[in-house]
Chemist: 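Questions regarding the structure given below will be posed in turn.
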2 protein chains.
Amino acid sequence: MTRAQNSRKTRREVLAEFRGGEILAAARRVFARRGFDAATLEEVAQEAGIAKGTLYLYFPSKEEIFWAAVRERMLELRQRAQAAMRQAEGVQARVRAAIAVRGELMRSDTEFMRIYLTEFGHLCAHPTRHRKPFRELYLAMARDLADVLEDGMRAGELRPGPPLELALTLQFLMRDCFTARYMGVFADDGLNLENFVFELFWHGVRPQSAPPRPVKKPAAAPRRMRKTR
Amino acid sequence: MTRAQNSRKTRREVLAEFRGGEILAAARRVFARRGFDAATLEEVAQEAGIAKGTLYLYFPSKEEIFWAAVRERMLELRQRAQAAMRQAEGVQARVRAAIAVRGELMRSDTEFMRIYLTEFGHLCAHPTRHRKPFRELYLAMARDLADVLEDGMRAGELRPGPPLELALTLQFLMRDCFTARYMGVFADDGLNLENFVFELFWHGVRPQSAPPRPVKKPAAAPRRMRKTR
DNA sequence: TATAATACTGACTCTAGAGTCAGTATTATG
DNA sequence: CATAATACTGACTCTAGAGTCAGTATTATA
């Protein structure tokens with residue numbers, strides 16, 4: 001019994017964590033295909049290459065599997081968004097960074113995106129055990145963004161407005177526009193979604209009567225320098 | 001058999017239509033409470049004050065009931081939106097009108113709103129028999145709006161951009177902001193949602209560097225005159 | 001290698017709820 | 001009022017799928 005029980009993970013624990021991750025990945029695929037209700041744990045198990053009973057060694061219920069799968073990615077998204085916003089310089093660049101991170105996730109993890117798009121309503125609306133934590137996480141992300149917007153308002157770069165509501169709205173916009181592309185109602189090419197969302201959020205539909213500064217970006221967004229560590 | 005079979009509806013038909021309507025109303029309440037999957041037809045029947053079997057005299061399946069309930073309202077919404085936009089004068093007023101109609105529906109028919117908010121993702125994403133008609137209806141509404149936006153662009157009142165995508169985005173915005181209020185993440189008072197959405201869509205978050213016209217509305221939006229029918 | 005501990009299995013149980021249908025109530029008709 | 005037509009009922013069937021658990025395989029330990 002002189003096993004490594006001090007902070008370091010047991011071989012067993014590592015294995016368990018790995019298996020858990022595998023299950024969540026499989027779950028993500030299946031939930032994406034079917035939606036929460038139509039998904040069966042039988043299919044999840046099959047997808048993960050294990051028996052249904054094994055799922056219950058790692059998670060207590062279907063709901064819990066679902067939520068674990070979603071939360072994992074949402075936490076990751078928040079981390080990345082925070083990092084990207086910290087990296088960027090100035091309000092505009094930070095907003096762009098927030099958008100870029102979300103776009104990146106949507107593009108790279110289509111499974112998660114689909115779940116997110118499809119189940120968002122249910123996650124918000126119906127009283128599950130996970131509604132509250134979901135909302136909190138979602139709100140936390142919005143608050144990160146709202147802080148940036150508030151800075152911008154103080155600096156006069158943005159007109160005054162309710163920062164949290166605006167931040168939430170930007171989150172909505174990203175989700176929706178990707179939904180729309182996924183639904184096939186948005187042009188499938190020739191429309192840079194991230195740019196579209198940014199432009200709309202930043203300028204609205206009104207014509208630029210008097211461009212404040214002629215900072216027409218050369219080709220793409222100038223997001224490559226990485227000063228101050 | 002010299003019954004009234006000429007265009008005019010039979011007593012029977014009227015009755016049947018009435019019963020059908022009652023069922024859809026009940027269904028709307030139950031689907032709103034529970035969401036599609038968790039709703040049971042037993043509860044719908046109870047809510048309508050009839051037996052479960054009777055439902056099947058009017059509709060062939062749960063799905064069909066759901067879709068009928070949703071479509072009814074969506075068609076109504078489209079009608080109203082078209083009318084309101086026709087009434088209004090100029091692009092800005094028309095956009096405001098489109099927003100107002102949607103806001104009105106959201107406020108007046110909370111049951112429908114909840115269904116709409118919660119099941120939107122599913123309606124879009126998963127291959128039901130009703131995905132296509134739903135999308136078509138949703139797109140049709142967007143196109144109505146897109147026509148207005150396009151006019152605005154031609155007239156130089158809006159900067160150029162993809163009209164359909166912008167129209168869809170405005171629809172999204174309305175839905176989302178009402179979702180948010182319903183979720184309780186938007187301030188519950190002191191924020192006029194319709195105005196919030198309009199302002200954001202129209203001006204973005206950027207400060208008004210040079211107000212094109214000093215048409216600062218006095219207190220509320222000036223939406224009461226109704227000239228030229 | 002024996003045996004204990006742990007990880008996994010999949011056939012099984014149990015439930016909920018969609019859809020059915022023989023029977024009953026209601027309404028129309030001669 | 002008799003009887004036919006129609007409208008409704010709710011107990012029942014059937015299915016799908018979440019969750020269980022006795023049994024099997026695997027891995028660690030003596």
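Basis for what follows: all heavy atoms, side chains included, without hydrogens, waters or symmetry-related copies. All chains are named by letter (A, B, ...) in the order of the sequence lines, taking the proteins before the strands, and each is independently numbered beginning at 1.
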Chemist: Roughly, in whole Å, what's the span from CD1 in B:Ile65 to P in C:dG17?
Modeler: 15 Å

Chemist: At less than 4.0 Å, is any side-chain N or O atom of B:Tyr58 found next to OP1 or OP2 of D:dC8? Yes or no.
Modeler: yes

Chemist: Without decimals, in angstroms, what is the distance between A:Leu55 CG and C:dA11 C1'?
Modeler: 16 Å

Chemist: Do the ring centers of B:Phe178 and B:Tyr116 come within less than 6.0 Å of each other?
Modeler: no

Chemist: Nearest to the side chain of A:Thr54, which nucleotide is it out of D:dA18, C:dT9, D:dC8?
Modeler: C:dT9

Chemist: Can you tell me how far P of D:dA5 sits from CG of B:Leu57, to the nearest Å?
Modeler: 18 Å

Chemist: A:Ile50 near the nucleic acid: base, sugar-phosphate alone, or nothing, with a heavy-atom cut-off under 4.0 Å?
Modeler: sugar-phosphate

Chemist: Yes or no on ring pair (Phe, Tyr, Trp, His ring centres under 6.0 Å) for B:Phe120 and A:Phe120, after CA distance, side-chain angles and deciding distance?
Modeler: CA-CA 9 Å; B:Phe120 187 87; A:Phe120 187 86; over 10 Å; no

Chemist: Starting at atom CD of B:Glu42, determine the distance to atom P of C:dA18, rounded to an integer number of angstrom.
Modeler: 9 Å

Chemist: Which residues in residues 25-41 of chain B have a heavy atom closer than 4.0 Å to any atom of DNA chain C?
Modeler: B:Ala39, B:Thr40, B:Leu41

Chemist: What is the distance, to the nearest angstrom, from the CG atom on A:Leu15 to the C1' atom on C:dC8?
Modeler: 13 Å

Chemist: Does B:Arg96 qualify as a cation-pi partner of B:Phe198, given the criterion of NZ or CZ under 6.0 Å from the six-membered ring centre and within 45 degrees of its axis?
Modeler: yes

Chemist: Could you tell me how far apart A:Glu63 (CD) and D:dA18 (C1') are, to the nearest whole angstrom?
Modeler: 12 Å

Chemist: Tell me whether A:Arg129 is salt-bridged to A:Glu64, with the criterion being a basic N under 4.0 Å from an acidic carboxylate O.
Modeler: yes

Chemist: In a check of side chain to side chain contact (heavy atoms under 4.5 Å, CB included) between A:Phe31 and each of A:Lys62, A:Arg114, A:Glu43, which one passes?
Modeler: A:Lys62

Chemist: How long is the line joining CD of B:Glu64 and C1' of C:dA18, in whole Å?
Modeler: 14 Å

Chemist: From the set D:dG19, C:dG19, D:dT9, return the single nucleotide nearest to any side-chain atom of B:Lys52.
Modeler: C:dG19

Chemist: If pairing requires Watson-Crick or G-U wobble contacts with both distances under 3.5 Å, which nucleotide is the partner of D:dC1?
Modeler: C:dG30

Chemist: For A:Lys62, answer base if it contacts any base atom (sugar-phosphate contacts may also be present), sugar-phosphate if it contacts only those atoms, and nothing otherwise; contact means non-hydrogen atoms under 4.0 Å.
Modeler: sugar-phosphate

Chemist: Keeping A:Glu119 on the side-chain end and A:Phe36 on the backbone end, is there a donor-acceptor pair under 3.5 Å?
Modeler: yes

Chemist: Please report, rounded to the nearest Å, how far the P atom of C:dA7 is from the CD atom of A:Glu17.
Modeler: 14 Å

Chemist: Could you tell me whether B:Arg33 and B:Glu111 have a side-chain N and a carboxylate O separated by less than 4.0 Å?
Modeler: no

Chemist: Pairing check on D:dT24: which nucleotide meets the Watson-Crick or G-U wobble criteria with it, both distances under 3.5 Å?
Modeler: C:dA7

Chemist: Nearest to the A:Ser61 side chain among D:dG19, D:dC8, C:dG19, which nucleotide is it?
Modeler: D:dG19

